[in-house]
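Structure, as structure tokens:
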Amino acid sequence: MEERSVKYGKTTIWYGLVRTSRRTLGFVVHTDARVEMRAPIQATAEEVDRFVLRRAAWIVRQQDYFRSFLPLTPPREYVSGETHRYLGKQYRLKVHATVGREVVKLSDGRIHVHARHPRDAAHIAGLLAGWYRPRAIARFEQGMDIAMQLLKKHKLARPEIIVRRMSLRWGSCTPQGRIMLNPELIKAPGRCIDYVVIHELCHLVHPDHSTAYYNLLDRVMPDWKRWKERLEQQSA
Ligand SMILES: [Zn+2]
């Protein structure tokens, strides 16, 4: 696949160009915001660029929409002074060298990491992940308690929560009725976590995003849009 780009105002739209036996130009915007153009063998690259430009407004809108679901975190160095989030609040990281037990503690508004290899970013990242994880599991289960209560009359079996790193989504549900949640979600405000759990649980009643689905979501969490937006800002 050929990688190309076109300038649209201040935005650069990157796209992959695939040549096919089709007779017309077409494209897809994937859920990870990649754009793939499919073009006839004889179309020139300039023709394809012009086609992308004509559809640019729509493509960018679509990309923004999909990106709003991408849990992006800026690259981290895991050094003292860096800010890390927990339940919607920012905490400064303080890395201490220790020869004893390695421990992570939240106190006086900071996350203290006592580490044997304080300059090893991957090591600090691992210690922090080990601190976040049980807190994520506990808070996600609490979100599930809330969601189950709100959807009580649907008599759903309480789904199993699977905490799994996903690069593209905060949450998803499987046809077997399991709910997968991104551990990164523990960095967002608690109500954002509730929103994701409620959103997924509503899918066990309506698997699609139909009007019936949104009616249900509106009924059980009338202010869900507010938390969805918070979550989108979170990922920016
Ligand atoms: Zn959904």
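One is the number of the first residue; the rest follow in order along the sequence. Remember, it's 1-based here, ligands and their atoms both numbered in the order they're listed.
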If we ignore hydrogens and angles and just use 3.5 Å, is the side chain of Glu82 paired with the main-chain N or O of Tyr78 as donor and acceptor? yes
Does Tyr195 have Lys228 sitting over its ring (NZ/CZ under 6.0 Å from centre, angle to axis within 45°)? no
In the shown structure, where waters are left out, how many protein N, O or S atoms lie under 2.8 Å from the Zn ion (ligand 1)? 3
Greater than 12 external heavy atoms within 6.0 Å of Lys105's NZ: no
Angle class for the Tyr214/His209 ring planes (parallel below 30°, perpendicular above 60°, tilted otherwise)? parallel
Drop me the distance from Ile13's CD1 to Asp49's CG, to the nearest 0.5 angstrom. 10.5 Å
Sequence neighbours left out, what passes salt bridge (Lys or Arg N to Asp or Glu O under 4.0 Å) with Glu160? Give chain and number order. Arg178
